Amino acid sequence: MRKIFSHTEGMITDPMHYCPGCTHGIIHRLVGETLIELGIRERAVGISPVGCSVFTYKYFRCDMFQASHGRAPAVATGAKRCRPELVVFCYQGDGDLAAIGTSEIIHAANRGEKITCIFVNNAIYGMTGGQMAPTTIPGQRTSTTPGGRNVAEDGFPLKMSEILSQLQTPGYIARVSMHSPAEIIKAKQIVRKAFEYQVSNTCFSFVEFLSTCPTNWGMSPVDSLNWMKTNMLPYYPLGEHKIPEKHEGGSR
Amino acid sequence: MRKIFSHTEGMITDPMHYCPGCTHGIIHRLVGETLIELGIRERAVGISPVGCSVFTYKYFRCDMFQASHGRAPAVATGAKRCRPELVVFCYQGDGDLAAIGTSEIIHAANRGEKITCIFVNNAIYGMTGGQMAPTTIPGQRTSTTPGGRNVAEDGFPLKMSEILSQLQTPGYIARVSMHSPAEIIKAKQIVRKAFEYQVSNTCFSFVEFLSTCPTNWGMSPVDSLNWMKTNMLPYYPLGEHKIPEKHEGGSR
Amino acid sequence: MKTTDVLFAGFGGHGMLMAGKLLAMAMIKQGRQVSWLPAYGAEMRGGTANVTVCISDGDVMSPYIERPNSLVVMNTPSLHKFGPKVKTGGLVLVNSTLVRESFERDDCHVLYLPAGDIAMGLGNVKATNLVLLGAFIGLSKIVTKEDMIEVIQESFTSKSKFIPLNVSAFAAGYEEGTKLRLENDVELELEDEERDSTYAYSNG
Amino acid sequence: MKTTDVLFAGFGGHGMLMAGKLLAMAMIKQGRQVSWLPAYGAEMRGGTANVTVCISDGDVMSPYIERPNSLVVMNTPSLHKFGPKVKTGGLVLVNSTLVRESFERDDCHVLYLPAGDIAMGLGNVKATNLVLLGAFIGLSKIVTKEDMIEVIQESFTSKSKFIPLNVSAFAAGYEEGTKLRLENDVELELEDEERDSTYAYSNG
Amino acid sequence: MPLIKVVNDKCKGCELCINACPQKIIRLSDKINTQGFRYAQVVDKPRCIGCKLCALSCPDLAIEVFAEGCRYEFYPY
Amino acid sequence: MPLIKVVNDKCKGCELCINACPQKIIRLSDKINTQGFRYAQVVDKPRCIGCKLCALSCPDLAIEVFAEGCRYEFYPY
Amino acid sequence: MAKILMKGNEAIGEAAIKAGCLHFFGYPITPQNELPEYLSKRLPQVGGKYIQTESEVATSNMIFGAAGVGVRVMTSSSSPGISLMSEGLSYLAGAELPAVIVNMMRAGPGLAGILPAQSDYAHATRGTAHGDFELIVLAPSSVQEAVDLTILSFELAEKYRNPVMLLGDGMIGQMMEPVEFPDVEVGPPMKAADWALTGCKGREPRLVSSLFLDPVELNEKNHERFARYKVIKDNEARHELYNCDEPYDVLITAFGVMSRVCKSAIQELKGQGINVGMFRPITVKPFPSEQCSAAIFKSKRVLDVEMNMGQMLVDIQLAANGKREVDFMGKCGGLTPSIEDVIESVHSTLAKIKGGVA
Amino acid sequence: MAKILMKGNEAIGEAAIKAGCLHFFGYPITPQNELPEYLSKRLPQVGGKYIQTESEVATSNMIFGAAGVGVRVMTSSSSPGISLMSEGLSYLAGAELPAVIVNMMRAGPGLAGILPAQSDYAHATRGTAHGDFELIVLAPSSVQEAVDLTILSFELAEKYRNPVMLLGDGMIGQMMEPVEFPDVEVGPPMKAADWALTGCKGREPRLVSSLFLDPVELNEKNHERFARYKVIKDNEARHELYNCDEPYDVLITAFGVMSRVCKSAIQELKGQGINVGMFRPITVKPFPSEQCSAAIFKSKRVLDVEMNMGQMLVDIQLAANGKREVDFMGKCGGLTPSIEDVIESVHSTLAKIKGGVA
Ligand SMILES: Cc1ncc(C[n+]2csc(CCOP(=O)(O)OP(=O)(O)O)c2C)c(N)n1
Ligand SMILES: Cc1ncc(C[n+]2csc(CCOP(=O)(O)OP(=O)(O)O)c2C)c(N)n1
Ligand code: SF4
Ligand code: SF4
Ligand code: SF4
Ligand code: SF4
Ligand code: SF4
Ligand code: SF4
Ligand SMILES: [Mg+2]
Ligand SMILES: [Mg+2]
């Protein structure tokens, strides 16, 4: 029999620490496979954030940094500017990237750093026990919004892909979701494209993943997929939000 | 004879420290006049940034903070949340707001803080001697871009009004310019509107001013106005970029 | 001054922290001093989660105890980790439903109770913690059955539908504990210690 | 070891820092040690800008001098601020074009030169600093006229169109300084000091 | 005949594969693995079409898929 | 007849008022003020139309504008 | 009010309310999350506001804004988050604003770990950030003391117009102990201050600023502030002496929960016939130096015990002033020296006294 | 190479190039702007890169990334900017990365002023941030020494895998003095390191991290690091003794440019027939304690002079170890104690010796 699907060489085979059904694991796989498919594992440097994916460095079979909370794009900038031959990618959660790290991601994107950012939006601070994130959906209950996110006090969810797409500096910005196998398949193509843009030295690339947190959402993994589809998709439209080819130089 | 134009009660009458022809001074006046016209001087709290406008606190005749570099919106948040009866405004430069303070302005806007931000974009770090700012125009020479801003290395100018307009949380976002008396007159109306939105507790408000820095641009004040018109306007389109009335609730 | 320490150990989700908390609350009701100090693994799920409850007639000195008087243990890894640390003469109470091995210490009372099976018998394996707590109290008689039940009832008021299960799990454990006490001739009480309490603040 | 300190004081834009720098460069050419320590007002324009040049045959000790040997001063506020600080026996050289008052110190040589007018006469008031530098050197003879002119020529190579103006301003100042020296019987040289240089690094 | 293999000890019993399988042939076992989870298993092997959707959905990389002969690949994986 | 008054000692001679004046009647004086700047002054007073554009353009709040009688205000100032 | 069993983190939250603090700004971080979570529920009940911030940098500036308008305000974080507040703390001190900052210390440096530690003592007490200033730093050893010191923090902050840090060693946040609170629903607000920015109606405008471009003025400001620190040291330094009435050869020095481990060790040593004293600073800044010296001089040798690499050691050595040797025993990275460790160290200190080792 | 007259800031920039540093990341701040401005011109000429960052927080993480891939890297800032790097410095130390950080100190706290100061000594040498770690900190007193120590910084950083701070007292950045550079265009790059992230071709993947969730491991890591600090102290502590050969009653202690003011004062005092010695630490961390003690014990009393409220005083007092009294004279906020101030203070210290004042 022929193996038509198996564990990617881009990752180690040990079990991961994520909660059952947490889609962080799927996202890992897509990145790991891409490292192999593009033949870049041996010149890749990944950057783990602070968040549930803090141990990402244990899972990817490539050189890794563990960065401070929110600053992975700055670490990536330092690494890539000094060794442009490396393929540098960040893996960040939404607390990490859209709260404390807002400035770093925007400026890395705006400088056009030739790095790839994998952004895992699960609408919550997973690791610290389910506090409201900037990406939390209106009305969503968290450990710090006992009555649900109140847009009058906390504002609306932050849409990082839209914000970054707004920048004039060329970049590749896309949003994908983990709520169904079909979306996962689409996501894989987009992750590949994102890395390809780096490999060809074209531009900054960024993929936002809608992801689940069954533990802190207080739902089963399957219910989480449905909740995500019903509640997150309306706020976070999927698709390629910006592609470098469409960039029109100096005009707005 | 009747005085048809005179010094506003919103400001002190002593000379200001700005370089000759620096349009910071005009912006001050527009804000000072508004404090008086809306009758809010006695409940206003202004926040001086770090930048050439660090001494703003000397000029406005109202209670003032001097904040740390880039964090005026956070200081404003603290003040306004604790005393909602105050009218709180920040006055910030482009290094202050669009570089080190990127995160604070975006999150204050996104939370929908009922504050007013006066943002002075002069495409340079004035106070520290003319280094490149995130807002510096492609090709513009500064003390750290001796060959002119190179978009391949430094990216394109950051358009804060556009970025903030992208947020779903309601807000009033406008860009004005100081390059001609006609624009100054328009700007005044917009500043008034911005404060009115705060006074009526409607939303966050933000006015970006295109402003000159004759000293660090190395030009006469009049040439600076022309340079601004020719070089900055194409990058920074004027107008009301976002008005709260147009906001459509939960949809994108 | 009399004092004792109990370590409740298991994995996250086993409810050992809650068991410790109920004990601590009962002690306060009796006018005793307590401390309840939990320790978890890293910020992930499924790691160890244990709690040390220190009980004293005077101020609790160290809430951090490496060598407790008693250990109530849910599963094998926790037994391996903490079993050897129990003080000589102390008590090790083992949930034999999950721990399928015997633990060798002849300087302690090592007692086994199929607490998981008992809980399962009552309809929910999640009540194993209460069975173990009941057994510990049956063994130690540190508080009366009635007082403890009162505490259980009070502390579940917001989730009152769980009260009956928890009370019956506790009661079942208590019976088993009393039996074990008699069978094994266990004599556990607060230790008596000569302690001097020169506790003085300067300037308030 | 011989040593002296000169303070060049004026406002930002007056070019006093440049005057000090030219002096420092000339001293280095002579194999002397120098330090050039500027002091500005706040981060804005138009405030005070002055520089202390310390010249020594050995290592320069303190580059920070509150009481200099010589003061070359452009304008009234700077004279008020620094005039009283000059050491007894020292020199105060005043640009009388901007300073319209006389400065009372009889323990110093206080000399006046309409340096601004001289510069204006040469076509550009901005060269006042060079006139003052020339005068200081004419007075102190701390370096020859020729050597100083060489330094001026070298340091303006990138802005060579300014060389003739600066050289002639310097030369005019130098003549005036020489005259003042004779008229006022000024004797300025590096001070002689007994200094011991126990200067030792441990571990390199 | 295609075939999937669940690496039992990596499975966390999250049921995402079950949710994904178009043939609805996966179930959780009644046994638990070394991690303490009931793990996924195929209950009706012959009906497996080798679509890989289960494997693609598994967050823990616990599923391998095998097939025989030449296959038309539906999507680029 | 409208009239402007430049507060000499606040003027920094930046010429923005000169640039703004539609009547081109402002010039810098040859004298300098206490701040050391040549200051603005009106050279052809009767031609002033009281449009205030000079005052609106002055970064240093150095200009006051006076007028007599009833006026039509062109813009809300 | 009856004693209730409460986690340290939650108890501090409640204590803040009892101290009249109705505004909390914070960013999540283990091991202090129960504090903001508690307040996110409680504050709205008492008419207050919980605001989740975008970062600790923003937080420190929000409390600057809040304190500047004259309200009682608190934040809470843990080690890396506190490091990010460094600049903000310097601004608070420079502008002389009262605010209370809780640090539930975890292991460092860097991301390190989330287990309890005491390794921010140096950052809290010396060199918190740039410039000449000090925090007032209180280190509780029990949940009840955490409550009491939280309330005291607000009072000291206001009285001396200086930021106050409550320095907890991780354990204290996670631990439950019975506590009592003052019998009020909500404590009193900040007294109307003649510096607070409340709108200039009926008075001259005010300024809250740390900027003093005139060096003479700034020099004076700093000297003034340090004179005030002297007053604080004279009047507010707090400490505990334990078992110091009978003669002792060894004095243990320890702060926070660590001191209670030492107490248990001292009890056991008593059983062995060895009398050991203990000195615990409650205000670790200002450090009660004289009181510490007095206790040290009654001993033959000192043993400093900390959950770090010896950060309080400097203060103990300064207090010993060359007159007594100071031994150190420390574990860090999330480890806590146990009762047994302390006993062993006391024995080795005793051996050094006997052996005459320096 | 002939001596050229150069500003300290620019000289440090050039020295970095001579030390093989081809990457500079920085954010503008007075009084160090000439350094990045210089490098923004020079680095491209030698094949290097100048990157202007969005903030000091980002900067400290960019140098983390740069150092992690095994290149020599530098940043530069001044007091408030350095405070913002606190967390980043802790991460650098935790992950054991070599990087050079220049701090051209200005007056604090808060925004305070832009004039020279020495008031970040405490932040640089103690309590830089959370966790148990130390920086290596070098304090030059002349532009030439700034050049030499910049080059040394890169060597020490790499040799000991620890961040190194060059601590300049503002003046040194603005001052011009004649300097000489090593006769190379660009210095050598970082030696190939077995920890650097360069892509895992032909080897196992590597990790650069400060995270150690196992407390036993973290405890060991910290102890290991502190053992290394001991080695650094034994081998790399540098100091200068001035005028210490003849007997002296008073020993002055001072660092950085301040020490040169003291030297001039000592010269003048010599004229008055008074011999005064001076001890200057060049490595302020590790502080050359034993060497300092030795110099102190030859005196009757010590006078510590600083441009702050007495931040090095702790180290001097520890070195004096209760055996000598230490007087302090300091100005801050942008003021510099003058030669005259120092002379006056020496006289009052002498009076205390005569009067037998403690
Ligand atoms: C400076 C700092 N602040 C806060 C924390 C605490 N912290 C750890 S993980 C985390 C956020 C995790 O949320 P997210 O980035 O959304 O990742 P997720 O766990 O949801 O995948 C926070 C705030 C920290 N480690 N450092
Ligand atoms: C934390 C910190 N970083 C840097 C500085 C130095 N600094 C002072 S003003 C300024 C920027 C000024 O530029 P901008 O905000 O554009 O204001 P402008 O002067 O142009 O009006 C900087 C970087 C500082 N004071 N604090
Ligand atoms: S806490 Fe949430 S995000 Fe983190 S591993 Fe668990 S499910 Fe995933
Ligand atoms: S430096 Fe530029 S921005 Fe600053 S006051 Fe002068 S002209 Fe205005
Ligand atoms: S390969 Fe397809 S059909 Fe077969 S088990 Fe997996 S999902 Fe079901
Ligand atoms: S998706 Fe993977 S982990 Fe989840 S039940 Fe299926 S095989 Fe197990
Ligand atoms: S008011 Fe109008 S016309 Fe009169 S001087 Fe001013 S700009 Fe010129
Ligand atoms: S605009 Fe104002 S400052 Fe400028 S020249 Fe005219 S009056 Fe003077
Ligand atoms: Mg998240
Ligand atoms: Mg600017």
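In the text below, chain A, chain B and the rest are named by the order of the sequence lines, each starting its count at 1. Since we're looking at a predicted model, the values are computed, not measured.
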### Query
Are the side chain of B:N110 and the backbone of A:P134 linked by a donor-acceptor contact shorter than 3.5 Å?
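Between the backbone of A:P134 and the side chain of B:N110 there is no qualifying donor-acceptor contact (under 3.5 Å).
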### Query
Who among B:V151, B:I163, B:I100, B:L164 has the most heavy-atom pairs with chain A under 4.5 Å?
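Between B:V151, B:I163, B:I100, B:L164, the count favours B:I163.
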### Task
Examine the side chains of A:Q166 and B:K159 and answer whether a donor and an acceptor come within less than 3.5 Å of each other.
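Absent: no donor and acceptor within the cut-off.
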### Message
As an exercise, state the distance from CZ of B:R111 to CG of A:D154, rounded to the nearest 0.5 Å.
### Response
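Here the rounded value is 9.0 Å.
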### Query
What distance do B:H107 atom NE2 and A:L158 atom CG have between them, rounded to the nearest 0.5 Å?
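Reported value, rounded in 0.5 Å steps: 5.5 Å.
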If I measure from the heavy atoms of chain A, does [X] come under 4.5 Å with its side chain, its backbone, both, or neither?
X	value
B:A152	backbone
B:E104	neither
B:I106	side chain

### Message
Counting only heavy atoms not in A:K193 (residues, nucleotides, ligands), do more than 12 fall under 6.0 Å from its NZ?
### Response
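Result for NZ/A:K193: enclosed.
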### Query
Taking non-hydrogen atoms and a cut-off under 4.5 angstrom, which of residues 67-87 of chain B neighbour chain A?
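Within residues 67-87 of chain B, near chain A: B:R81.
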#### Entry: chain B contact via A:E113 - which portion, at a heavy-atom distance below 4.5 Å
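Neither part.
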### Task
Give, as side chain, backbone, both or neither, the part of A:A98 having an atom under 4.5 angstrom from any heavy atom of chain B.
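The backbone, not the side chain.
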#### Entry: Heavy-atom closest pair, residues B:S103 and A:A99
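Closest approach of B:S103 to A:A99, heavy atoms only: OG-O, 3.7 Å.
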